[in-house]
Amino acid sequence: MERHSIVVVGGGGVGKSAITVRFVLNRFVTDYDPTIQDSYEKEIVLDQNKCLLDILDTAGCEEFYYLQGITYRTGDGFLIVYSITDRSSFDLVTHFLHEICQIKDLKEEEVPMIIVGNKCDLEVEREVSYQEGQDLARLKHCKFIETSARTNQNLEEVFYAIARETKQIKCYC
Ligand code: GDP
Ligand code: MG
């Protein structure tokens, strides 16, 4: 079976663990240890073919810089997550994007990456507009999706989209 390694990155508290656990186990977690990095396997059917996603929920600790390098090198596709309620997490997106490309020594359009604006259920607390997310994604040649781990909005979409992009890129290599 095909395997694709998907890495979930982003600032602290944006919902990386919540997104991953919601997609893999269909549960909404509110008390996940922010320092824990964990990996999950999920089988999906992509265009009539079964494939296995190895999903790595990172904890994004700066001290693990060396480990981060290995993670980025081995990852096939990346979800770069921010919270729509936290502008500073949005500002970090570009940083993650550049780090990934630099470590892989590839251009932005050559790495499967999706910018994910999470917590879209918290509309009253919104600090980053949909348009801003979309503009950044366009600039960086990425797809953009807003999600909610709480309501399960667009989570299937986002993981299937990154799996599909990853598969396509591999086919061209
Ligand atoms: P991480 O540090 O990026 O892994 O963030 P977590 O997944 O631990 O989430 C941090 C907090 O945000 C937790 O209390 C989650 O329950 C909450 N959270 C995560 N995603 C959402 C979401 O889509 N909507 C809402 N309302 N809360 C969320
Ligand atoms: Mg976490």
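Order of appearance sets the numbers: ligands from 1, and atoms from 1 within every ligand. Computed from a predicted structure; not experimentally measured.
- Of the polar atoms of Gly12, none of the N or O atoms is found under 3.5 Å from an N or O of ligand 1, judged by distance alone.
- Residue contact annotation: Gly10 has no non-hydrogen atom under 4.0 Å from ligand 1.
- The distance from ligand 1 to the heavy atoms of Val29 drops below 4.0 Å at these ligand atoms: 15 (C), 16 (O).
- Among protein heavy atoms, atom 2 (O) of ligand 1 sits closest to Gly13 N, 2.8 Å.
- For Arg164, the CZ atom sits in a packed shell: over 12 heavy atoms of surrounding residues, nucleotides or ligands are nearer than 6.0 Å.
- No donor-acceptor contact under 3.5 angstrom links the side chains of Asn154 and Thr147, judged on distance only.
- The N/O atoms of Ala18, backbone and side chain alike, include one that comes under 3.5 Å of an N/O atom in ligand 1.
- In this structure, a donor-acceptor pair under 3.5 Å is present between the side chains of Ser129 and Glu132.
- Distances from the Mg ion (ligand 2) show that Ser17 has an N/O/S atom below 2.8 Å.
- From the protein, the heavy atom lying nearest to atom 18 (N) of ligand 1 is Lys119 CE, 3.7 Å.
- A donor and an acceptor atom, one from each side chain of Ser17 and Asp57, are located under 3.5 Å apart.
- Annotation: cation-pi geometry satisfied between Lys42 and Phe23 (NZ/CZ under 6.0 angstrom from ring centroid, within 45° of ring axis).
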(Q) Lys104 vs Glu110, test: salt bridge (charged side-chain N to carboxylate O under 4.0 Å, His left out). Steps then yes/no. (A) CA-CA 10 Å; Lys104 292 180 106 54; Glu110 294 171 329; over 6 Å; no
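- Below 3.5 Å of separation, one finds no N or O of Pro34 facing any N or O of ligand 1.
- In this structure, Thr20 does not count as a contact residue of ligand 1, since none of its heavy atoms falls inside 4.0 Å of the ligand.
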(Q) What verdict does the salt bridge (charged side-chain N to carboxylate O under 4.0 Å, His left out) test give for Lys119 and Asp86, after you've listed the backbone C-alpha separation in whole Å, the side-chain angles of each residue and the deciding distance to 0.1 Å? (A) CA-CA 10 Å; Lys119 305 199 188 183; Asp86 175 7; over 6 Å; no
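- Of the N or O atoms in Gly15, one or more lie within a sub-3.5 Å distance of an N or O in ligand 1.
- Ligand 1 has no N or O atom lying under 3.5 Å from any N or O atom of Phe28, backbone or side chain.
- For ligand 1, the atoms lying closer than 4.0 Å to a non-hydrogen atom of Asp121 are 22 (C), 23 (O), 24 (N), 25 (C), 26 (N).
- Taking the ring centroids of Phe144 and Tyr130, they lie under the 6.0 Å cut-off.
- Considering backbone and side-chain atoms alike, Ser17 places an N or O below 3.5 Å from some N or O of ligand 1.
- Using a cut-off of 4.0 Å between Lys/Arg side-chain N and Asp/Glu carboxylate O, Glu109 and Lys140 are scored as not salt-bridged.
- Contacts between Thr30 and ligand 1, counted as non-hydrogen atom pairs separated by less than 4.0 Å, involve both the backbone and the side chain.
- With a 4.0 Å heavy-atom cut-off, ligand 1 is reached by the side chain of Asn118 but not by its N, CA, C or O.
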Q: Could you check Val116 against Tyr82 for side-chain contact (heavy atoms from CB on, under 4.5 Å), going step by step and ending with a plain yes or no?
A: CA-CA 6 Å; Val116 180; Tyr82 68 92; over 6 Å; no
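- Of all atoms in ligand 1, numbered sequentially from 1 with element shown, those under 4.0 Å from a heavy atom of Leu122 are 26 (N).
- Counting atoms of ligand 1 from 1 in the listed order, those under 4.0 Å from a heavy atom of Ala149 are 20 (N), 22 (C), 23 (O).
- To the nearest 0.5 Å, the span separating CD1 on Ile145 from CD1 on Ile162 amounts to 9.0 Å.
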